[in-house]
Novice: 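Below: one structure in structure tokens.
Each ligand, and each atom within it, is numbered from 1 in the order the structure gives.
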Amino acid sequence: MEYLYAPWRADYFGDCKEADCIFCHLSSNQDKDEQNRVFYRDDKVFCVMNKYPYTPGHFLIIPHIHTNSPATLESEIWLHLQTLGQKGVALLEEFGAQGVNYGINIKKAGGAGIPEHLHLHLIPRFIGDTNFFTTIGEGRVYGVDFDTIFHKIKTLAKNHFKSTS
Ligand SMILES: [Zn+2]
């Protein structure tokens, strides 16, 4: 992760925020949502484009609370997360996805990229994309304009995520 560790920021974090956690950082900096590619937030969760997308349109739904397992998350927040996840699938289908990978890797052994802060992946899939993206290798999505995708998803979210909280 390209992320500047800023110890002086610790003062601005409440009890449940971790100063060196990228997701807490995103959660706490609403004024930077546009540049951080956060396209939706309410009082329980926020949604952000994956910085290293598996496919174009790959985004994350993340609780504001810093916790590493569903087991330690309040049921109300968990249910809200999943409700948004369901709407997120509809969003991606409208985006053009022919399929979706939906899930959470829990903790380091579970394969989580950022194991300390729970996040739900929604990855749009397209017939033949495995071959296509493998061919392009590390530059998988660089042929597609990331900003264009961000704004498209953000526009769709206004429709799909309204009156959810
Ligand atoms: Zn965190």
Novice: Could you grab the angle centred on the Zn ion (ligand 1), going from ND1 in His117 to SG in Cys24, to 10°?
Specialist: 110°
Novice: Do you see an N/O/S atom of His25, backbone or side chain, under 2.8 Å from the Zn ion (ligand 1)?
Specialist: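 Not a single backbone or side-chain N, O or S atom of His25 is under 2.8 Å from the Zn ion (ligand 1).
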Novice: Report the atom name of the nearest N/O/S atom of His66 relative to the Zn ion (ligand 1).
Specialist: ND1
Novice: Within the structure provided, determine whether Asn50 and Phe59 are in side-chain contact (heavy-atom separation under 4.5 Å).
Specialist: no
Novice: Between Tyr102 and His121 (judged by ring centroids, cut-off 6.0 Å), do the two rings come close enough to count as a pair?
Specialist: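 Not under 6.0 Å, so no.
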Novice: Quick one: are Gln30 and Phe46 in side-chain contact, heavy atoms under 4.5 Å?
Specialist: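 No - every pair of side-chain heavy atoms lies 4.5 Å or more apart.
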Novice: Does a sphere of radius 6.0 Å around CD in Gln98 hold more than 12 heavy atoms from other residues, nucleotides or ligands, not counting ones at 6.0 Å or beyond?
Specialist: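 Atom CD in Gln98 is packed in, count exceeds 12.
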